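One structure is given below, encoded as structure tokens.
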Number of protein chains: 2
Amino acid sequence: MLSLSCAALQPLIRNLDRYVALTPDDRAAIAALGDRSQVEKPAHTDIAREGERARVAHAVISGWACCYKDLPDGRRQILGFLLPGDVFDLNLDSLREQDCSVSALTRVRLAELLPSQVRALPDDHPRVWKALLLQQQANAAILREWLLNTGQRTAIERLAHLLIELFLRNRAIGLASREGLKFPITQSHLAEATGLTPVHVNRTVQALRRQDLIEYANGHLKILDLARLSDIALFDAKYLCVEEYQ
Amino acid sequence: MLSLSCAALQPLIRNLDRYVALTPDDRAAIAALGDRSQVEKPAHTDIAREGERARVAHAVISGWACCYKDLPDGRRQILGFLLPGDVFDLNLDSLREQDCSVSALTRVRLAELLPSQVRALPDDHPRVWKALLLQQQANAAILREWLLNTGQRTAIERLAHLLIELFLRNRAIGLASREGLKFPITQSHLAEATGLTPVHVNRTVQALRRQDLIEYANGHLKILDLARLSDIALFDAKYLCVEEYQ
DNA sequence: CGACACATTGAAATTGCTCAACACGAGTGG
DNA sequence: CCACTCGTGTTGAGCAATTTCAATGTGTCG
């Protein structure tokens, strides 16, 4: 039983281990953290809504989610994708309202991290706590890169950049290989993430395909020429905490 | 002497007090924190460069700065403005390279927070530490709003939104009144912050002026009709930790 | 005065958007 | 099994927001 839930929390352990070298004790602490209560959300449902107060923090165990903001007239911006091992709603101040919503893109399994557990972390398992804070900082770095992306890059650069990021992040958690990755993201999602329209994303995707840079169909993405795609995207992997580039 | 530096650190104390109720002891701790070493940077110089490792953390005492990223071909995105009381380079992991540059927009006075001091904070002054972490989270919230801004809003909405944010943030630290605020930001800066061209910012500023929404000249900004400007910007102050709206 | 940074203007070019239609596959209910 | 719908992807044509290029104005400062 315990070993089973440990298996479920491997993505989180693996992810946090990128930021701080974890001891076996730390790993056990993380497993205990997410062991208590896990929930499953169906695809295309909201996990958290902007304006609510987060009851618990969440760690993604499996599946894809995204956080987003919307405008009163329906325009929507995806602010980031959440993959297995990512923690969100980690609120240091329980009174504060969430400033963005979170939605499940696929069926998502989540570990719920209770506030009492989280509060005990800095004292009881300082390395785990530090790793969580560093993951938050890494997320902020991704956010800054996204702002650069939508603010300055052209459509094809933006799209190329986003696809590379998602490829590398998936590869870093063992979910992508040379053969590509499961990619449950529609062109409309790409549009909402890049600030383009779905129609224009479509045409841009086709341009990438025509140049034999990617395959992207049936929920599957394959990067055919990472080097050339990186050139187009003006991609610099430093902002991702993914050492082994290429 | 001590009272003098205390005065210099008022912005930081006032800013952190927004996140956590500080005791007199906490305030003294903050004053001591920034007391050790202060530096002055001339306008239009870099304070930190992307790719470097931060030697110390910084708190802005007076003046404006911004952090930004640039692309190899010269395009540049401003990622946020730093005002008195804002802390940056607060690196939990001293090995990690900065992922963005910081530049002084005016002459800037900075307090240097030594790593040893910062490391002692969680144990010695947990409320101060928590306030610093909450400020970091608040900065991330601003970043998310900026991504929504550049990704989804039109030129006039974007500009209106940015101007309101800067007005409210300045007012929250006592640097803006009904009469407006010192605004050492050129139209080119606004362009780099919103992902527009300087020419288009110029035309959009003029549209705002024509509608009697703002005055903006000679390094001074005045919001003439905050309510109407907020409507245009689809502005919702919740993301800023500034309670007293209007 | 000259140099320089910043603001402003106009005209033409272009990127990306809007609108509208159609294709296609998966799932659903008759 | 078919008809239907729905979500997603694709295409075309016209349009609009924003960019580009190039020039001019304006104030400050040495």
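A note on names: the letters A, B, ... follow the listed sequences, proteins ahead of strands, and every chain is numbered from 1. Remember, predicted model here, so these are calculated numbers, not experimental data. FYI, side chains are in, hydrogens and waters are out, and symmetry mates aren't considered; it's all heavy atoms of this structure.
- Across the protein-nucleic acid pair, B/Asn218 atom CG and D/dC29 atom P stand 12 Å apart, rounded to whole Å.
- Rounded to whole Å, the distance from CZ on A/Arg210 to P on D/dT10 is 11 Å.
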Side-chain atoms of residues 53-61 of chain B: list all donor-acceptor pairs with protein atoms under 3.5 Å, sequence neighbours left out, distances to 0.1 Å.
| from | atom 1 | to | atom 2 | distance (Å) |
| --- | --- | --- | --- | --- |
| B/Arg53 | NH1 | B/Leu95 | O | 2.4 |
| B/Arg55 | NH2 | B/Glu112 | OE2 | 3.3 |

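- Residues from residues 147-155 of chain A with heavy atoms under 4.0 angstrom of DNA chain D: there are none.
- A centroid separation of 6.0 Å or more is found between the aromatic rings of B/Phe167 and B/His220.
- Using a 4.0 Å heavy-atom criterion, one finds that A/Val205 contacts no nucleic acid atom at all.
- Taking 4.0 angstrom as the limit, A/Gln187 places a side-chain polar atom (N or O) nearer than this to OP1 or OP2 of D/dT10.
- At a threshold of 4.0 angstrom between heavy atoms, the contacts of B/Gly195 are confined to the sugar-phosphate backbone, with no base atom among them.
- When rounded to the nearest whole Å, the span between CD of B/Gln206 and C1' of D/dA17 equals 17 Å.
- Rounded to 10°, the angle separating the first-five-pair axis and the last-five-pair axis of the helix from C/dC1-D/dG30 to C/dG30-D/dC1 equals 30°.
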Between A/Leu213 and A/Leu226, does a side-chain contact (heavy atoms from CB on, under 4.5 Å) hold up when you go through it step by step? CA-CA 8 Å; A/Leu213 292 165; A/Leu226 182 56; over 6 Å; no
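- The distance from atom NE2 of A/His200 to atom C1' of D/dG12 is 15 Å, rounded to the nearest whole Å.
- B/Tyr216 is linked by a ring pair (Phe, Tyr, Trp, His ring centres under 6.0 Å) to B/Phe183, counting only residues two or more places apart in sequence or in another chain.
- Across the protein-nucleic acid pair, A/His189 atom NE2 and D/dT8 atom P stand 7 Å apart, rounded to whole Å.
- Distances shown here put every side-chain N or O of A/Asn202 at or beyond 4.0 Å from the OP1 or OP2 atom of D/dG9.
- Atom-to-atom distance recorded for B/Asp236:CG and A/Lys69:NZ is 7.5 Å, nearest 0.5 angstrom.
- In this structure, the CZ atom of A/Arg203 is 9 Å from the P atom of D/dT11, given to the nearest Å.
- Other residues, nucleotides and ligands contribute more than 12 heavy atoms inside 6.0 Å of the CZ atom of B/Arg75.
- A nucleotide of DNA chain C counts as in contact with chain B when one of its atoms lies under 4.0 Å from a heavy atom; the first and last such, 5' to 3', are C/dC6 to C/dA11.
- Summarising the geometry, the separation between CG on B/Leu159 and C1' on D/dA17 is reported as 15 Å, rounded to the nearest angstrom.
- Under 4.0 Å is where a charged nitrogen must lie from a carboxylate oxygen, and between A/Asp46 and A/Arg49 at least one such pair does.
- Atom CZ of B/Arg107 is surrounded by 12 or fewer heavy atoms from other residues, nucleotides or ligands within 6.0 Å.
- The environment of CG in A/Asp73 is crowded: more than 12 heavy-atom neighbours from other residues, nucleotides or ligands sit within 6.0 Å.
- Nucleic acid contact class of A/Arg209 (heavy atoms, under 4.0 Å, all strands): sugar-phosphate only.
- Between the A/Ser101 side chain and the A/Glu50 main chain, a donor and an acceptor come within less than 3.5 Å of each other.
- Going from atom OG1 of A/Thr154 over to atom CD1 of A/Ile232 covers 9.5 Å, rounded to the nearest 0.5 Å.
- Summarising the geometry, the separation between CD1 on A/Ile185 and P on D/dT8 is reported as 11 Å, rounded to the nearest angstrom.
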Donor-acceptor pairs under 3.5 angstrom involving side-chain atoms of residues 77-85 of chain B: please list them, not counting sequence neighbours.
| from | atom 1 | to | atom 2 | distance (Å) |
| --- | --- | --- | --- | --- |
| B/Gln77 | OE1 | A/Gln152 | NE2 | 3.0 |
| B/Gln77 | NE2 | B/Glu192 | O | 3.3 |
| B/Gln77 | NE2 | B/Ala193 | O | 3.2 |

